[in-house]
Structure formats: C-alpha cells, structure tokens
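Numbered from 1 within each chain, the chains take letters A, B, ... in sequence-line order.
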Amino acid sequence: MTAKILIRDLWKAYRTDEGTVSVLEGIDLTVAAREFVAIVGPSGCGKSTLFNLLAGFEPPDAGEVLIDGQRITVPGRNGILITQRGAVFPWMTVRRNLEFGAQHMPTTERDGLIQYYLDLCGLIGFEDAYPHQLSGGMLQRVEVARAFMAKPDILYMDEPFGALDALTRLQMRTELLRILDRDSHTCLLITHDVEEALHMADRIVLMAPRPSRIKRVFEVPVAHPRATSHPVLLRLKEQILKELGLSAAGVESDATGVPPTDLMPRRPLRPRSGRALAYMSPAALSPEAAAGAERFDVVVLGGGPGGASAATILAERGLKVLVIERQHFPRFHTGESLLPALWELWDRLDVTAEIEAAGFVPKPGVIFGMTRSGDEVVLLPSEYPEYFPRTHAYHVERSRFDQILLENARRKGAEVREGWSVQDVIFEGDRVCGVLAGPNDGELRHILADVVVDATGRDCLISRRLGWRRPDPALNKVAHFTYFAGAWRRSAQEFLPEQDSIPGAAVTDVHTVDGGWLCYIPLANDVVSVCVVLDAKAAGQIRGGPQERFDHAVASCPKVQEWLRGARPLMPMQTVSNIAYLNDRFVGDGFVLVGDAAMFIDPIFSSGVTLAIRGGIFAADCILDAFQRHDFSEASLKPYEERIRVPMDRIFRIIHNWYELLDREDGSNMFLRAQHTPWLRERLIVLLSGGYEKMDLESFLLAASYPPV
Amino acid sequence: MRFFRRLVPVFVVGILIVAWWVAARPSKILPTPEKVILGIVELAGQGVLAQHVIASLFRVTMGYGLALALAIPLGSAMGWFPAAFRAFNPVIQLLRPISPIAWIPIAILWFGVSDASPTFLIFLSSFFPVVVETTAGVHLVERQYIRAARNFEVGGFRFFRQVIFPAALPQIITGMRVGLGVAWLVVVAAEMVAINSGLGYLIIDSRNAGTRYDLVVAGMVIIGVIGYLLDLAMRQLEDLDEVRWRYSYDR
C-alpha cells in the first residue's frame with residue numbers, strides 16, 4: 001500500500017483566555033491512495049482541526065503531515081477542503097464558480113471539464129444560476145463539482161452534507177459515491193453519522209476527545225454498492241456505536257440477532273424452524289395441502305437472466321431458494337448483443353470467469369446504419385474507457401448464456417427445478433405466499449415462500465393474474481429472427497485502433513429497414529443471428545407470412561441483403577410479438593416483478609438482459625433487507641422498485657426518442673450528430689452501453705430533440 | 001389590493017399638496033403649487049433649468065467619482081492590511097465628523113470661485129461614507145471564501161478582483177448610496193456660496209434677484225426629485241445578481 005497521506009504524531013493546541021486547550025494529541029494515520037477514510041467522533045474531538053492541519057490551513061505544533069512524501073505547509077489545489085458551511089461564491093454563477101476551481105488550466109481544457117462536471121453533478125440547466133437561487137442540495141453539488149475542477153488528489157470533506165435534510169443527504173451520498181467511482185480520489189470524510197461512514201468508507205477511524213486521539217480503526221469489508229442493512233454493516237454499526245458510548249438498543253432496529261463473531265455470514269439470516277405452517281395457511285390452501293407443502297424462503301419463477309441473478313445473490317447469502325423453470329436448459333433462444341454495463345453485474349454474481357471462458361464473440365461496439373441516407377455511425381465504448389470495467393461486451397447465444405447464469409445460481413446454493421411449470425399463484429388475501437407448481441406432466445404441489453420473485457419474462461404470471469399489465473400500443477412490434485451460416489462477417493479491425501483490438505471481435509450492426517430496423521449479430525462458429533423488428537401495423541401490410549416479411553425488410557436494406565447473399569438459414573423463421581407493456585407497480589405484498597415480467601419496452605438497444613440482471617440483483621438486495629426486518633409487505637419491498645425504476649424509465653425514454661427520430665435521417669438525428677459532437681457522442685455511447693445512470697439524461701434528450709440551428 | 005397599496009404614497013403626496021395650497025393661498029410671498037409648476041415651466045422654457053441641472057450633476061459626478069476612485073482602494077487596503085488600518089483610521093475618524101460646510105472658506109481659499117470648489121466639497125462629503133463601508137466590507141469577508149481561494153491557489157490581484165472585491169461589494173454599494181445622498185445634499189450648499197450656476201445658485205439667485213419665491217420652491221422641488229431619482233438608481237445596483245445574495249434576507 002502506497003501511503004498517500006502520512007500523518008505522524010500530530011499535536012495541536014490553542015491558547016484561549018482560560019489557558020491552553022489541547023486539541024490533537026499525537027495523531028498517527030496512514031491513508032492509501034484512492035482510499036476512502038471516514039473519521040467519526042463526538043463533537044470537540046478535534047476532527048475539524050485535523051483537517052485544517054491536513055489541508056495546510058494551520059501548522060501543527062508538533063509532528064508532520066506528508067502527502068506523497070512532501071511535507072504540507074500551505075494549502076493547495078492538490079487537496080481540496082469541503083465544509084458544511086460551504087464556500088461556493090454567492091456572487092458568481094455556477095459556471096463561474098466552477099471556472100474558479102480551474103483557473104490554472106487552458107481555457108479549452110477547462111471548458112470541457114466544466115461541461116463534464118456540470119453533467120456529472122446534475123447541474124446542467126443551472127450553469128447560469130446564482131447560488132442564492134439554488135437549494136441546499138444543489139449548492140453542495142456545486143461545491144463538490146468545483147472541488148473536482150481543481151483535479152485534486154485528495155478531498156477533505158468536513159461534514160459536507162451536515163446542513164442538508166435527511167433525504168437530500170442520502171441522495172448526495174449516493175451521488176458522491178457514483179462520482180468517486182468515476183474519478184479516483186483519495187477521500188477523507190468527517191461525519192457524525194455512523195451510517196454515512198458505513199455506507200461510503202473503506203475504513204472508519206474513530207476519534208475520542210480528551211485526550212484527542214484515534215481510538216479505533218474499523219475496516220469495512222463490503223463491496224459497493226452497499227445496502228446499509230447489510231449484516232456486516234449492521235454489526236459494525238453496533239460496534240462503533242458501542243465504542244462511542246451509545247448502546248445500539250435505542251438505535252433503529254439493530255437487534256437483528258446476527259452473531260457477533262461471524263463477519264461474512266453464510267448461514268441463514270434468521271432461524272427458520274419453529275414457525276407452524278398453519279400460521280401461513282392461505283385461504284386457498286386446505287390444511288392437508290399445507291401440511292404437505294414445501295417451504296422455501298424465496299421462490300423464483302423463471303430461470304432466465306433476471307431470475308438466475310436474484311437466486312444467485314439470495315442463495316449465496318444463505319437463504320433457501322427455489323428456481324422453477326418451465327424448460328430444460330439450454331433452451332432455444334435468439335442471439336443477443338450484450339452491453340459493457342454487464343461486467344459490473346457479472347462481478348457481483350461472481351460469474352465473470354465463466355462468461356469470459358465461454359468462447360463468445362467479443363463485441364467492441366455497435367454500428368447504426370441509416371439505410372436511407374447511407375450514413376453509418378460507429379459507436380465504440382473503448383473511446384470512453386473510464387465508464388466501464390471493460391469496454392467490450394459479447395455477442396451471445398442466449399441459450400448458452402442463460403445456462404451459465406442458471407448454473408451459477410445452482411452452484412451458489414439455489415435449488416433449480418427445470419421442466420417444471422407454475423400452475424397458479426397462491427394468495428392469502430392480497431398477499432402472495434406461494435405457488436402451485438409441479439413437473440410439466442406431473443402432479444402439482446404447494447410450495448410456500450416468504451417472497452415470490454416473478455421472473456417469468458413476457459408471461460408476466462403475477463401481473464397478468466392481478467390485471468396490472470398495461471400494454472403500450474405506441475410500441476407494438478413484431479420480431480422475426482433466424483440464424484444463418486456462411487453470412488458475411490464484418491471485421492471490427494477497420495474501426496478499432498490497434499491497441500483496442502480484440503482477436504475475433506465483431507461489431508453488432510443495426511440498420512433501419514422499411515417499417516422498422518434489423519439487427520445483425522455475428523456469433524461464434526460462423527453463425528450470424530439476424531432479427532428484424534417491425535412495427536406491427538407496417539408488418540400487417542406486407543403480404544405473406546414471417547418469411548415474406550423478413551425478406552421484404554432485408555430487401556429494403558441493400559447492404560444487409562448483400563451480406564446475406566449465399567448464406568444458409570439454419571432454421572425456420574421464428575416470430576415473437578414484442579408489444580411493449582408496463583406495470584404501475586413492481587412489488588406487492590410478498591412478491592416482486594423482475595426483468596420482462598415487470599416491464600418490456602423494445603429490444604432496439606439490447607437493454608433487456610442488462611435490466612433483467614440488474615433487476616434480479618436489486619430485488620435480491622431488497623429481499624435480503626426484508627429478511628432482516630422480517631417484513632415482506634409491499635412497503636418493505638418498495639425500495640427495489642424505486643431503484644430499478646431509474647434505469648428502466650431512462651431506457652424507456654431513450655427508446656421513445658429513438659422511434660421519434662427514426663424517420664428523421666437528417667441533421668437533427670442524434671446518431672448522425674453524435675458523429676461530430678464529442679459530448680453528445682460520449683453520452684450516447686455510455687447510455688447505449690447500459691450505463692443508464694451514469695449520464696445526465698435530460699441534457700442528452702434535450703440536445704437530441706433540439707438540433708442546433 | 002396591490003394597486004391600492006401603490007396608490008397610498010400618491011395619496012399622501014396629494015394631501016400634502018392640498019395642504020400646501022390651502023396654507024399658501026392667503027400668503028403674498030409663499031407660492032402655491034400651481035405657481036411653482038408655472039415657475040418650473042418658465043425655467044424649462046428659457047432653457048435655464050437644464051443648464052442648472054446639468055451644472056449641478058456635473059459637479060456631483062466629478063466630486064463623487066473622485067471620492068470613489070480614492071475611497072474604494074483605500075478602504076480595501078485598510079480592510080485587508082491591519083497596518084494600513086492602523087495608519088489611516090485615526091485620520092479618517094478625525095476628519096469624518098467635520099461638516100463639508102465648514103470646509104467652504106478653505107475651499108474658496110484653495111480653489112477660488114470655480115467648479116473646483118464645489119467639486120472638492122462634494123468629494124469630501126462622499127469620501128468618508130464610502131471609505132468606512134469599504135473598510136468594513138473587506139474586513140468582514142467570510143473566512144471560508146478566503147480559504148477557498150487559498151485552497152484553489154488563487155492569489156494576487158486575481159484574488160482581490162474575484163473574491164475580496166465582490167464579497168465586499170454589497171457593503172461598498174451601501175457606502176456608495178449613502179455617499180451619493182450626502183453629495184447631492186452638499187452640492188446645493190456649495191453652489192449657494194461659491195459659484196454662479198447650478199440648482200443651489202438658482203435658489204439663491206431667485207431669492208436675491210427678484211424675490212421669486214415660486215422659483216425658489218421650484219428649485220427645491222427639482223433638487224428633491226433628482227435626489228429621489230439618484231437614490232432609485234443606486235437601489236437598482238442592489239438588485240444586481242452579483243450582490244443580491246447579501247441583501248436578499250432582509251427583503
């Protein structure tokens with residue numbers, strides 16, 4: 001570990017009328033580069049004085065502060081201090097404040113950086129506002145953005161969110177983590193909020209007053225993003241509060257009964273025995289049936305990417321999980337082009353190695369072709385490598401990919417029953433408490449669970465049953481697809497710079513066709529998957545069946561027609577109805593909807609798999625929290641919905657925008673404009689790579705819909 | 001409702017004018033409002049009024065401008081450097097209570113009967129409020145702003161121009177407003193003794209030359225109106241976005 005900050009035996013006292021007051025008495029601390037250290041302690045323990053010394057605003061009486069081995073004597077832009085009081089200049093606009101942070105830079109570089117941080121900190125649209133016109137939360141964002149403008153190595157944050165209300169504080173916390181995730185800084189945070197420290201920091205330093213020194217240091221061994229209800233965090237919180245002299249008893253619902261020695265519990269999160277089934281007995285369930293019922297903590301309906309992801313996380317944390325899948329894997333499915341955003345999710349599922357070893361064709365990016373104008377827009381995530389762990393993705397056969405995920409769930413401890421179907425959902429009042437399911441031709445049984453995860457895809461088992469599902473006729477599509485052998489393959493080398501080239505890589509081609517668009521996905525073993533998505537109305541006007549519609553569409557795109565010349569279809573034409581639909585709610589008492597079972601929009605930007613896996617993980621996080629509280633009500637599961645709504649709503653709007661723009665192959669088309677406008681290009685690439693939360697959408701859509709005159 | 005609220009001051013002015021009219025009617029010397037208005041029209045018609053107004057405004061501009069040019073840098077230096085404060089503050093506090101009127105003889109001695117005398121008096125009157133407020137404004141710039149500038153390594157003149165001056169500006173503007181008010185107050189007194197043009201001269205001349213009290217009062221009214229307009233203009237400064245932050249809380 002390289003020491004970014006080295007604090008050696010630091011002493012500081014102040015002279016007052018009543019004599020000398022000692023504030024710091026021998027502080028020693030080493031902070032590694034890129035580490036996030038939170039300093040927690042009661043008022044008057046010298047935290048702020050410590051920061052003043054670290055940032056060079058005051059000299060220590062004894063000892064020294066070394067940053068990168070250099071002794072700190074004066075403040076500098078290498079370490080920016082952010083305080084609760086805020087030092088955003090009220091006489092400057094937001095933009096001028098940001099400029100102030102980077103006066104040493106050349107103007108062009110500075111302007112680019114301003115745009116970047118305005119966007120990153122959600123300040124687009126407020127550039128010319130004066131601070132007194134902004135809310136406290138916005139002001140704090142300006143403060144943070146200005147600090148980043150100086151490109152500091154270190155951020156000292158002295159209760160940065162102390163003056164904000166609880167809700168804004170929580171939001172700022174998450175946002176700051178998001179920003180820090182992008183730019184790497186070493187961070188020191190002073191806070192009196194233990195939960196804040198646990199949420200953000202790698203290490204927590206506990207300071208005690210009189211004598212003012214470091215009392216204890218806690219490591220926080222939990223990966224981001226963290227749910228504050230994570231059992232490790234809860235126990236750490238208890239320990240810290242105890243050290244601070246506060247018993248955990250009075251603090252929220254901390255008494256979870258987590259054994260104090262077990263850092264990473266692999267065991268069930270609560271005792272499962274001793275609860276009579278009769279208590280659960282739903283109205284529809286006879287006592288005899290209940291007596292013979294199977295019991296699980298969670299039942300996941302559907303073994304696709306969403307269901308498998310949820311099951312993986314839940315089983316890994318010791319819950320008893322059952323996955324019910326109608327088909328036997330590998331099942332037939334279309335070829336799919338995956339997105340770079342998935343790497344983070346695969347890491348979370350601990351399945352990255354298998355995916356990499358599966359021999360999928362690497363996908364460095366996507367080409368959008370505007371058939372009418374002949375323009376082609378090449379979008380390569382490797383142009384902006386800072387957003388994703390790896391910038392390429394894969395073209396996959398879904399059959400294979402889905403199987404890897406489901407096997408992973410099984411390996412992590414979930415019980416998977418393939419070739420089983422769900423006959424019905426068992427309700428107890430409004431509460432879902434299990435399912436009636438069995439082998440495809442076999443006898444049905446009652447399976448009870450605290451939570452049912454509906455990941456049944458377009459079947460939408462629960463939401464249909466409840467009459468929630470609302471089709472969106474504006475996006476009523478029909479898809480025809482098949483696999484070809486011997487089709488032409490477009491090499492990615494012609495677009496990729498040397499250093500980014502990946503052996504065997506190939507781009508996904510999306511081209512507009514008469515009545516819709518088509519997707520040309522090169523898979524392994526010289527197979528190409530071609531999928532035509534047509535507006536249902538337009539498709540209805542083409543005479544003939546699926547094959548005729550497919551041929552008609554391909555014929556309207558000479559480029560692809562040429563590529564397919566002489567290619568041999570490997571199977572009959574497949575048809576899928578792709579009408580978009582929404583659910584107003586994704587959760588209810590005892591159940592959650594994941595992936596396509598929650599909402600289906602459109603396959604155009606390959607968002608489905610990303611959203612399903614993300615949904616599965618988010619749902620699992622929330623269900624784990626619910627098990628902590630032992631509350632499986634709608635309210636308890638609602639955080640999942642709030643979390644997944646963000647990316648879902650965003651992709652929904654991007655897709656609507658795409659179809660509005662589809663007919664405009666002129667200068668206002670955002671894809672064409674992205675070729676020449678770097679900031680638009682960056683946003684487009686990041687959003688279409690699945691980084692739906694990583695970009696400010698408003699400014700993008702605004703720019704996309706209002707062409708420059 | 002808002003309309004009526006705006007009408008109230010107009011109503012008060014109306015009552016005062018009526019009272020004036022009632023009081024002045026029996027008097028042979030005191031002019032009635034309509035006579036004053038006729039007087040203003042007469043002055044305006046001869047083009048004399050504009051001459052006097054311009055002369056007065058010219059002197060104020062000169063004296064006031066000179067005061068700002070000296071007071072703001074001096075006040076800033078005094079606010080920032082303790083040594084400068086220690087050096088200059090006693091002198092300023094000593095000279096400040098002396099009425100500009102008391103300087104008239106000295107002014108005539110130094111500058112004679114010229115534009116320079118009233119300009120000097122106006123300079124004296126507006127210099128002190130501006131220097132005092134500027135000193136206080138700079139001295140009281142909040143520490144976190146200064147620290148932020150040091151943190152971002154912004155120093156020298158840039159530090160003054162981007163941080164100290166704008167931070168103190170609201171208070172400087174308050175000083176400027178007070179200074180301009182005093183300057184306008186003093187211009188009349190200065191012109192009464194020292195010169196043969198300007199609104200002050202108009203009043204004295206009308207009294208001496210033909211006991212034209214209607215013109216005396218007309219001069220007073222015009223001084224009042226211009227003073228009011230000048231103050232309104234200064235208030236506009238306080239509405240600038242760059243300084244609003246400081247005033248917004250008491251509005």
Side-chain angles (χ1 to χ4, degrees), chain A residues 48 51-52 54-58 72-105 110 128-134 139 142-158 160 163, chain B residues 68 72 75-76 79-80 82 133-177 234-251:
Chain A
S48 296
F51 268 22
N52 282 338
L54 290 180
F57 285 111
E58 290 172 45
I72 284 296
T73 49
V74 289
R77 67 174 92 88
N78 192 35
I80 299 289
L81 176 66
I82 295 174
T83 65
Q84 174 187 340
R85 293 193 63 189
V88 172
F89 299 135
W91 52 86
M92 292 180 181
T93 60
V94 170
R95 180 185 295 282
R96 295 268 298 109
N97 262 290
L98 261 56
E99 270 174 27
F100 187 89
Q103 308 212 21
H104 54 292
M105 277 178 210
R110 190 174 69 195
D128 299 320
Y130 280 85
H132 68 88
Q133 297 162 328
L134 301 178
L139 213 53
V142 180
E143 182 92 44
V144 170
R146 186 177 68 176
F148 281 120
M149 284 296 295
K151 295 201 159 188
D153 279 350
I154 309 168
L155 282 177
Y156 301 104
M157 295 177 283
D158 187 351
Chain B
L68 293 188
I72 293 175
S76 302
W80 189 248
E133 292 293 331
T134 305
T135 305
V138 170
H139 187 68
L140 295 175
V141 171
E142 294 193 51
R143 194 179 64 162
Q144 74 253 34
Y145 299 140
I146 297 168
R147 281 196 158 188
R150 288 179 62 197
N151 212 171
F152 288 107
E153 297 179 28
V154 173
F157 179 67
R158 205 175 246 183
F159 168 62
F160 177 78
R161 188 170 54 85
Q162 297 189 344
V163 180
I164 296 302
F165 182 72
L169 190 59
Q171 204 156 350
I172 296 176
I173 287 179
T174 304
M176 285 165 63
R177 211 179 123 197
M234 292 304 289
R235 269 174 191 276
Q236 292 300 309
L237 280 183
E238 294 181 0
D239 278 339
L240 290 179
D241 276 321
E242 284 79 1
V243 297
R244 275 274 284 283
W245 55 278
R246 192 61 184 271
Y247 302 117
S248 55
Y249 56 83
D250 53 9
R251 288 261 163 107

message: Do the side chains of R150(B) and E58(A) get close enough for a salt bridge, i.e. N-O under 4.0 angstrom?
response: no
message: With rounding to the nearest 0.5 angstrom, report the CZ to CZ distance, F152(B) to R146(A).
response: 4.5 Å
- request: Return the minimal non-hydrogen interatomic distance between R244(B) and H132(A), and the atom names on each side.
  value: CB-NE2, 3.6 Å
query: Going by heavy atoms in the side chains, are Q162(B) and F89(A) under 4.5 Å from each other?
result: no
- request: Against chain B, label N52(A) side chain, backbone, both or neither, depending on which of its atoms sit under 4.5 Å from a heavy atom there.
  value: side chain
field: Sequence-distant partners of P131(A), side chain to side chain contact (heavy atoms under 4.5 Å, CB included), two or more places apart
entry: V88(A), N97(A), L139(A)
- prompt: Hey, does M92(A) have a side-chain heavy atom less than 4.5 Å from the side chain of D241(B)?
  reply: no
- line: Residue pairs meeting side-chain hydrogen bond (donor to acceptor under 3.5 Å, both in side chains), one or both in residues 87-96 of chain A, sequence neighbours left out, come to R96(A)-E99(A)
Option that, when pairs with chain B are counted at under 4.5 Å, heavy atom only, ranks first among A55(A), G79(A), G76(A): G76(A)
- prompt: Listed by chain and number, what are the side chain to side chain contact (heavy atoms under 4.5 Å, CB included) partners of H104(A), not counting sequence neighbours?
  reply: R77(A), A102(A)
message: Please report the interatomic distance CG(N151(B)) to CD1(I80(A)), rounded to the nearest 0.5 Å.
response: 4.0 Å
- request: Under 4.5 Å, heavy atom to heavy atom: which of residues 153-161 of chain B reach chain A? Give them by number, or say none.
  value: E153(B), V154(B), R158(B)
